[in-house]
Amino acid sequence: EAVKKFNAKKSSHANIFTKMQPIVQDWETVVIKKKTPKPTSNEDAIKIAQQTGQKVEAVKKFNAAKNATGPGVNAKKLEAELDDGEGSMKIATVSLDLSKRIQQARQEKGWTQKELAQKINEKSQIINEYEAGKAVPNQQVIGKLERVLGVKLRGEKKS
């Protein structure tokens, strides 16, 4: 009886295999291309463009890589750059009165120049130049200083 069960199972498995379709593999052609290298810097981008025969033009932008608001203008440096040999130009700097008011307001708050610079999101060198009277006045920076220090710095000083 066990042999009959085994033969019955064997015949059912045999029927399954005879009913199956032959396995057909569908192969498609795959083309592998090397990716073009992505430039990691401007120099690399220029080299790749030149190698591929593209036209390359380099333009130096005015004030590139500097603070977007442009407050870091030192009057002495600017005068030296603009000096054309025919006599120097005098560039207006912050007044002594303004520089003293900034310094006094900062000291009343108990802040260092670096702390004040961080609060207005500028470099500490900017604060230093304003307090030393060397900076070219920038209304955006003066507005930030007024807001943070809580003191009016622009306009007539009322005594």
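Index from 1, following the sequence.
Residues meeting the side-chain contact (heavy atoms from CB on, under 4.5 Å) test with Lys47, sequence neighbours left out: none. With sequence neighbours left out, Gln54 forms a side chain to side chain donor-acceptor pair (under 3.5 Å) with no residue at all. Partners of Glu108 according to the side-chain contact (heavy atoms from CB on, under 4.5 Å) rule, which considers only residues two or more places apart in sequence or in another chain, do not exist here. Residues passing the side chain to side chain donor-acceptor pair (under 3.5 Å) test with Glu43 are Ser41, sequence neighbours excluded. In this structure Val151 satisfies the side-chain contact (heavy atoms from CB on, under 4.5 Å) test together with Ala105, Leu149, Leu153, sequence neighbours excluded. Ala132 meets the side-chain contact (heavy atoms from CB on, under 4.5 Å) test with Asn128, Lys134; sequence neighbours excluded.
To the nearest 0.5 Å, atom CG of residue Leu145 and atom CZ of residue Arg154 are 9.5 Å apart. Taking OH from Tyr130 and CG from Leu116, the interatomic distance works out to 11.5 Å, rounded to the nearest 0.5 Å.
In this structure, Lys114 and Ser124 approach most closely via the heavy-atom pair CA-CB, 3.9 Å. The nearest pair of heavy atoms linking Lys144 to Asn121 is NZ-O, 4.3 Å. Of all non-hydrogen atoms in Gln140 and Asn138, the two that sit nearest each other are N-OD1, 2.9 Å. Pairing each heavy atom of Ser99 with each of Gly133, the nearest pair is CB-N, 4.2 Å.
Contact check on Lys152 versus Glu146 returns no salt bridge, with no Lys/Arg side-chain nitrogen under 4.0 Å from an Asp/Glu carboxylate oxygen. Salt bridge present: Glu131 and Arg106 bring a charged side-chain N and a carboxylate O closer than 4.0 Å.
In this structure, the side chains of Ile120 and Ile127 come closer than 4.5 Å at one or more pairs of heavy atoms. Taking the side chain as every heavy atom from C-beta outward, Val136 and Val94 never approach each other to under 4.5 Å.
Applying side chain to side chain donor-acceptor pair (under 3.5 Å) to Gln125 and the options Glu122, Glu129, Lys123 leaves one that passes, Glu129.
Remark: side-chain polar atoms of Gln104 are not paired, donor with acceptor, to backbone N or O of Arg101 under 3.5 angstrom.
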